[in-house]
Protein chains: 2
Amino acid sequence: MAVSREGIVAAALTILDEYGLADLSMRRIGDAVGVQASTIYWHFANKQSLLAGVSDAILATQADAWPGEPVAALIGWARDLRSVLLTHRDAAELVAATLAVGLGSRIPDAAAVPIFVRAGWPGQEAERAARATSQFVLGHVMHEQTRQNLLRLGVLPPDAETLDDEGFDLGLRLVAAGAAALNGQPAPS
Amino acid sequence: MAVSREGIVAAALTILDEYGLADLSMRRIGDAVGVQASTIYWHFANKQSLLAGVSDAILATQADAWPGEPVAALIGWARDLRSVLLTHRDAAELVAATLAVGLGSRIPDAAAVPIFVRAGWPGQEAERAARATSQFVLGHVMHEQTRQNLLRLGVLPPDAETLDDEGFDLGLRLVAAGAAALNGQPAPS
DNA sequence: ACCTGAACACCGTTCAAGT
DNA sequence: ACCTGAACACCGTTCAAGT
């Protein structure tokens, strides 16, 4: 049977978890699905498109709606995004890179926009605020996952903390408090 | 005359600006300083250490103190960091990666910590708040610089906007307002 | 329609050997 | 002390050719 895009993406995700983004090569993915690396180019235009598929697969597990009080909803959304990213090795880097080049059909901050809108922000400002918040989340988790990789490499002491819940919560409270304080008012510069 | 660490870093920075991080190879750096790629390993343990040197060189142009009223100081620091990063191609990605692996002697948020302290935050919280703020700045500029690369590649229309001043200012106001609102109070969770 | 196999033009890094 | 040159074990991508 012919190999499918979905099969390739699934294999890539498994390799990602086991070996990390740096070792996620076309040859290795080909091996995993029982095909030459060059065959993958019949199914995907290039490696980046394939990675976009992996990013979408990861983000598919995000909760898609956060009803209720805006501050609590924003915190819920951010914690959910973090935990989704922490589920797969190097996910933050992969998602951030995919987002940056504009590939991938799932945008990590999509569910955050309506929260800001509900809090009274005009559409475009809500999008910007959501994007800013997700930039913090992605940056924070990227840092955590890099440390997890360093730990695996043995360059960090085996009992080193790689997660930083307190740092995450503080950053989150910072933007949540800011959102509550501004509430969509345009800037005084 | 023997080549120096500083000379290698300077050459790498020039190549970075001209060709981007993806094309910053050891062989190319060797060519630029008139030496074999393998020679660089006599001066640096590996490529990542060299990149840490480049990161330090970029961050050396940051202003190192932001006296005065905390909110204005924070905004000044963040805008300065952004403009420092925008001065060199792919600088945000390079600095973020260096920061994540714990190399590099210059920390981009170093000057932001005393601002939070001055605003009444206890030391550790000030560090976390500064780090959260710099995560936003790095993420935002990374996104802008990726778009600049896409523009160069012609995959974006030639008149596409790559900078996003409004998005930056809004994110910045968000954290500044949050900082002013919380003012170092521990969380109610 | 889907896949192979060879090739192209690269990588980072190591290491014996030179001066 | 500093550098060369060859080698190792890889990359992403293309493309004629096969079935």
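In the text below, chain A, chain B and the rest are named by the order of the sequence lines, each starting its count at 1.
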ask   = Do A:Thr146 and A:Glu93 come within less than 4.5 Å of each other through their side chains, counting heavy atoms only?
value = no

ask   = Less than 4.5 Å apart, any side-chain heavy atom of A:Trp121 and any of A:Leu182?
value = yes

ask   = Hey, is B:Arg89 close enough to B:Glu18 for a salt bridge, meaning N to O under 4.0 Å?
value = no

request  = On DNA chain C, check which nucleotide each of A:Thr39 and A:Arg27 is closest to and give me the residue with the more 5' one.
outcome  = A:Thr39

inquiry  = Any salt bridge linking A:Glu161 with A:Arg147? Criterion: basic side-chain nitrogen under 4.0 Å from a carboxylate oxygen.
reply    = no

query = Taking a pair as Watson-Crick (N1 to N3 plus N6-O4 or O6-N4) or G-U wobble (N1-O2 and O6-N3), both under 3.5 Å, which stems of 3 or more consecutive pairs involve DNA chain D?
reply = C:4-8 with D:12-16, C:12-16 with D:4-8

ask   = Salt bridge or not for B:Asp165 and B:Arg79, using N-O below 4.0 Å?
value = no

ask   = Quick one: does A:Glu69's side chain have a donor or acceptor within less than 3.5 Å of a partner on A:Val71's backbone?
value = yes

message = What's B:Ser25 touching, base or sugar-phosphate or nothing? Going by heavy atoms closer than 4.0 Å.
response = sugar-phosphate

inquiry  = Taking only the P atom of each, what is the distance from C:dA9 to D:dA9 in whole angstrom?
reply    = 23 Å

ask   = What are the 5'-most and 3'-most nucleotides of DNA chain C lying under 4.0 Å from any heavy atom of chain B?
value = C:dC11 to C:dC15

inquiry  = Are A:Leu174 and A:Phe136 packed together at the side-chain level, in the sense that at least one heavy-atom pair is separated by less than 4.5 angstrom?
reply    = no

Side-chain donor-acceptor contacts of residues 102-112 of chain B below 3.5 Å, not counting sequence neighbours, with atom names and distances?
unit_1	atom_1	unit_2	atom_2	d
B:Ser105	OG	B:Asp56	OD2	2.8
B:Arg106	NE	B:Asp56	O	3.4
B:Asp109	OD2	B:Arg131	NE	2.9
B:Asp109	OD2	B:Ser134	OG	3.3

